[in-house]
Amino acid sequence: MDHFPIFLALQGRRVVIAGGGETALAKLRILRKTTARLSVITEAPDPALQDLATKGQITLITRPFGPGDALCAALVYAATDDPVEDRRVAKLARADGALVNLVDNLEDSQFITPAIVDRDPVTIAIGTEGAAPVLARAIKADLEARLAPSLGVAARVGKGFRKLAEALPMGRKRREFWAEFYFDTAPQVIEKEGESGLSPALSALLSRYLAAAPAPGRVDLVGAGPGDPELLTLKARRLLDRADVVIHDRLVPQAILELARREALIIDAGKEGFGPSMSQGDICALMVEHAAQGAHVVRLKGGDPAVFGRLDEEIAALTQAGIAWSVVPGITAASAAAAGIGQSLTKRDRNSALRLVTGHDMQGFAEQDWRGLARPGAVAAIYMGKRGARFIQGRLMMHGADPQTPVTAVENASRPDARVIATTLARLPNALAEAGGNSPVILLYGLAPRAAEAALPQLSEEFA
Ligand code: SAH
């Protein structure tokens, strides 16, 4: 983003337009919607400008723009229809400390004016940084058609009620009140009774909300998937969009957190490697605390919450505190990794069972049914297996596994920086050490990337 959109307070401030022709008039048309004090400086004013000056709507100064003309001005538009003159104006104005826009000269301008959809006080600014004016116009037309002209009126009346509405508890209830007003009450009232009906309708609606019992809080234990935001479920998206509080793991990337409601409280309960940075007890206490206050909490976990996600402890804490909960499944790392190497996790005549195993548990490296895993054709998705790779290799070989069994490590599955390290059981610890990195890695034991299958057992070590 080379241009950062903001809304500038212009009430009572000076805005200067240099130029007296059609271009200057066009700028004035938008600027006259603001409460700024407008000055136009030009040697040759269009009669329309004279007219506006006579009516007291602008200050007209009939001489060329000069040094000091932009002092105390918030904005200056160089709109003289002459690129050389525009640049001269811009230089002088910048020296006076004003922000300058040169009409049709994006490069030398310090700010640009967006396409505007005006439902004052609701204003929508659309900018493309000059890349696609056609797109900006199309978006504007679309929004103009979609937003009722009465929206601005409703917003203005609503603004006057904001203080009163604070009697409603902050969060969901207040949000629902405003949503009902803007999307149901206001359009109906304006159509039937006109603007004057809005205030009484708003009072009545507020009384109804104040009388209703407070909505109880809840916790949804939601799978965020392996990292690609497009692999979120629709349900996860919807819940994120409504959550008051989001408590997330380290595995959840920023791109997914950005889908949370802007006002949501986002809490990072990230766990680092072996040692938790926030204890499981603290996380449970946090969920309970927020939900008990009526908040809608989303407990967002990487992958599927039911796979190595300590789901049971969290459900137990919620049940004990009498808080309503639900589980929303997500795509687990094993599925994303298999997709990444074009393989199936189960296959007729190869493996009719798939094991999800962990490389380490609370006690250290985890013991498994090594004998079963060592059988030809066995497939396992090994979570948290990187550190224990040598231990896993040792145990499997001890139980008779073929050293040439393919193992594929997938790092950052489904993310833009995903890496695939295809190796064999014999080379596993070395291949992982050579690959380095400290992002999440899942080991697909018994699976090689589809492209490399033909080359077994002389696998290439790295696939991008
Ligand atoms: N509930 C999660 C697993 C949590 S355990 C799920 O269903 O996926 C954490 C381990 O999951 C990591 O150590 C790693 O082995 C694996 N993992 C999670 N996301 C991953 C990803 N995008 N790529 C590779 N491995 C991942």
Side-chain angles (χ1 to χ4, degrees), residues 220-233 235-236 247-257 268-278 280 283 298-315 327-343 345 354-366 368 379-389 391-392 407-423 428-429 431-432 435-445 447 449 462-464:
D220 295 301
L221 302 139
V222 178
D228 178 352
E230 292 204 66
L231 292 179
L232 277 174
T233 60
K235 206 168 214 172
I247 304 174
H248 69 91
D249 283 351
R250 187 172 59 97
L251 282 173
V252 180
Q254 192 56 34
I256 288 181
L257 294 174
D268 182 358
K271 298 185 185 119
E272 289 286 341
F274 278 92
S277 61
M278 188 185 275
Q280 189 59 50
I283 296 173
V298 165
R299 170 73 177 109
L300 195 58
K301 292 161 162 295
D304 183 279
V307 177
F308 304 123
R310 302 187 70 173
L311 181 64
D312 303 79
E313 289 156 79
E314 299 188 0
I315 290 177
V327 179
V328 178
I331 292 180
T332 191
S335 302
I341 63 167
Q343 282 295 11
L345 287 168
L354 163 74
R355 288 167 219 238
L356 305 184
V357 308
T358 173
H360 68 79
D361 56 22
M362 308 269 275
Q363 276 74 45
F365 296 141
Q368 307 291 347
V379 173
I382 309 175
Y383 292 73
M384 298 171 278
K386 199 171 163 188
R387 277 187 233 201
F391 167 83
I392 293 165
V407 183
T408 307
V410 183
E411 183 185 71
N412 288 323
S414 89
R415 305 181 190 211
D417 49 358
R419 269 206 301 169
V420 174
I421 300 136
T423 185
L428 178 64
L432 290 179
N438 57 1
S439 302
V441 170
I442 189 160
L443 305 176
L444 297 177
Y445 169 78
L447 293 181
E462 205 149 331
F463 284 77

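Numbering of ligands and ligand atoms starts at 1, following listing order. All values reported here derive from a predicted model rather than from experimental measurement. Heavy atoms only: backbone and side chains are in, while hydrogens, waters and symmetry mates are out.
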Point to revise | Main-chain N/O of G223 paired with K301 side-chain donor or acceptor, under 3.5 Å | key: no

Review point. Looking only at atom types and distance, does a side-chain atom of D304 sit under 3.5 Å from a main-chain N or O of G330, one as donor and one as acceptor?
Key: yes

Exercise for review: Please confirm whether the backbone N or O of G303 pairs with a side-chain atom of T332, one donor and one acceptor, at under 3.5 Å?
Suggested key: no

Exercise for review: Report yes or no: does D220 contribute a side-chain atom to a donor-acceptor pair with the main-chain N or O of V222 at less than 3.5 Å?
Suggested key: no

Review point. If only atom types and distance count, is the side chain of Y383 paired as donor or acceptor with the main-chain N or O of V441 below 3.5 Å?
Key: no

Check your understanding: Do any N or O atoms from the side chain of T408 and from the backbone of L447 form a donor-acceptor pair under 3.5 angstrom?
Key -> yes

Revision key, fill the gap. The answer, listing residues by chain and number that come under 4.0 Å of ligand 1 through any heavy atom, is P226, L251, G302, G303, D304, V307, F308, T332, A333, Y383, M384, V410, N412, A413, R415, P440, V441, I442

